[in-house]
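As structure tokens, the structure follows; a few thoughts come after it.
All figures in this text were calculated on a predicted structure; none of them were measured in a lab. Throughout, a chain's letter reflects where its sequence line sits, starting with A, and its residues are numbered from 1.
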Protein chains: 2
Amino acid sequence: MQDVLLALLAKEPAHGYDLRARLRAALGPLGGDLNDGQVYVTLRRLEKAGLVTARLVGQGDRPDRKVYEPTPAGRERVARWLADVDPAARPAPTDLYLKLVAAASSRLADPVDIVDAQRRELLRRLADVQRAALAEPAGSGPALLLEGAVLRLQADLRWLDACAAHWTDRKK
Amino acid sequence: MQDVLLALLAKEPAHGYDLRARLRAALGPLGGDLNDGQVYVTLRRLEKAGLVTARLVGQGDRPDRKVYEPTPAGRERVARWLADVDPAARPAPTDLYLKLVAAASSRLADPVDIVDAQRRELLRRLADVQRAALAEPAGSGPALLLEGAVLRLQADLRWLDACAAHWTDRKK
DNA sequence: CGACACATGTAACACGTTACATGATTTG
DNA sequence: CAAATCATGTAACGTGTTACATGTGTCG
């Protein structure tokens with residue numbers, strides 16, 4: 001998040017509200033879960049870390065803006081971020097897997113039921129995402145991002161099939 | 001994490017070291033990034049929240065064990081966790097997407113280069129995971145989890161191709 | 001007049017990560 | 001004798017989440 005904001009500021013100085021709007025625009029329908037204060041908190045942390053500087057810009061009738069600009073240290077960090085490959089969180093559906101293992105070993109729930117419920121949920125989300133994708137102009141950024149979501153959901157659905165097979169075998 | 005430990009304790013009371021070992025066994029090669037103190041911190045938080053109780057079990061020569069057991073409130077929470085579908089984090093590769101957008105708009109780096117670097121990285125990880133999968137007994141839990149990782153990595157790789165096409169078009 | 005866009009924040013909290021810290025016993 | 005295994009933790013930190021808090025201007 002910090003890096004993202006820094007990179008946006010490296011393009012041109014901006015104030016919090018504007019950054020939030022740009023983020024929402026870039027993310028499209030998936031930007032809905034952004035938090036109100038998140039951007040401002042992050043900006044203040046960046047400021048405290050000496051990566052950006054701010055100046056107030058009054059504009060008469062409208063509320064004042066606080067325009068941020070990266071410091072040299074900030075620009076350096078952006079460059080490093082862009083050059084590094086993504087650390088990329090654990091690629092596996094670890095959480096669900098642990099739930100299934102826990103359910104199986106504790107005998108409090110049937111893993112196959114959980115898999116079924118999860119499959120229904122993922123199918124629902126897949127439909128949502130695909131519907132949202134149709135609403136986006138083809139070739140737009142959000143459309144691309146939504147395609148990424150679709151691919152992942154499909155991958156997870158195929159994995160769920162493998163899970164179902166796994167625990168069905170064990171049950172008998 | 002809290003829920004996972006609670007569920008394991010619901011099966012049978014255990015001490016921290018044992019839980020850690022069970023987790024590592026369940027996760028297989030992917031359990032390597034578990035932190036030493038993590039389990040203990042979580043257990044203490046669970047205790048503070050009144051979801052587990054602990055009693056010390058001395059065993060003469062060996063260090064004492066602290067055996068944890070869920071409280072009724074804890075068991076209730078496990079039941080709820082198992083019944084609920086996974087909240088499942090954002091299904092889209094948002095982080096990388098934002099990096100690409102930031103790179104493109106700031107002109108500090110070429111998105112296509114970033115995509116290429118990322119592809120090399122994912123291919124490397126895919127090879128790692130597949131090699132690890134061969135070392136696991138077929139049909140084991142860890143093997144299943146590794147298959148999940150493979151499917152996701154393949155999905156992300158296909159998405160990278162879409163990204164490359166997207167920004168190659170824009171460049172011309 | 002009510003809703004929405006503009007514009008900014010804070011405080012408390014939960015959680016994972018990192019790194020540090022200790023000490024006995026078994027095994028090669 | 002060194003290393004691995006058993007066994008437990010703590011302190012500090014960074015970050016995201018939640019919820020709260022405030023105020024103006026415009027448009028229908």
From CD of A:Glu47 across to P of C:dT10 the rounded distance in Å is 10 Å
From CE of A:Met1 across to P of D:dT17 the rounded distance in Å is 10 Å
Taking D:dG9, D:dG16, D:dT18 as options, the one with an atom nearest any side-chain atom of B:Tyr40 is D:dG9
Item to complete: Ignoring backbone atoms, establish whether B:Arg44 has a side-chain N or O less than 4.0 Å from OP1 or OP2 of D:dT10.
Response: yes
Check whether B:Leu6 and A:Leu108 end up in the same hydrophobic cluster, where Ile, Leu, Val, Met, Phe, Trp and Tyr are linked by side-chain heavy atoms less than 4.5 Å apart. yes
In whole angstroms, the gap separating P of D:dG9 from CG of B:Leu43 amounts to 8 Å
- Task: Return no unless some side-chain N or O of A:Lys48 is found under 4.0 Å from OP1 or OP2 of D:dG14.
- Result: no
From CZ of A:Arg65 across to P of C:dA5 the rounded distance in Å is 17 Å
Under 3.5 Å, is there a donor-acceptor pair linking the side chains of B:Gln2 and B:Arg77?
yes
query: Has the side chain of A:Trp159 got a donor or acceptor atom that lies under 3.5 Å from a matching backbone atom of B:Leu144?
result: yes
By nearest-nucleotide position on DNA chain D, the 5'-leaning member of A:Gln2 and A:Asp36 is A:Gln2
_B:Glu121 and A:Asp86, any side-chain heavy atoms less than 4.5 Å apart_ = no
Taking C:dA11, C:dG16, D:dC6 as options, the one with an atom nearest any side-chain atom of B:Gln38 is C:dG16
Rounded to whole Å, CZ of B:Arg22 lies from P of D:dC6 at a distance of 15 Å
Are OP1 or OP2 of C:dC6 and a side-chain N or O of A:Tyr17 less than 4.0 angstrom apart? yes
Rounded to whole Å, the CG-P distance (B:Asp95 to D:dT15) equals 13 Å
Atom NZ of A:Lys66 and atom C1' of C:dA7 are separated, to the nearest Å, by 12 Å
**Report entry** CA sep, side-chain torsions, deciding dist, call: A:Glu147, A:Gln130, side chain to side chain contact (heavy atoms under 4.5 Å, CB included)
**Finding:** CA-CA 8 Å; A:Glu147 191 185 335; A:Gln130 285 177 325; over 6 Å; no
Result for 5'-nearest mapping on DNA chain D, choosing between B:Arg45 and B:Arg20, is B:Arg20
To the nearest angstrom, the CG-P distance between B:Leu34 and C:dT18 comes to 12 Å
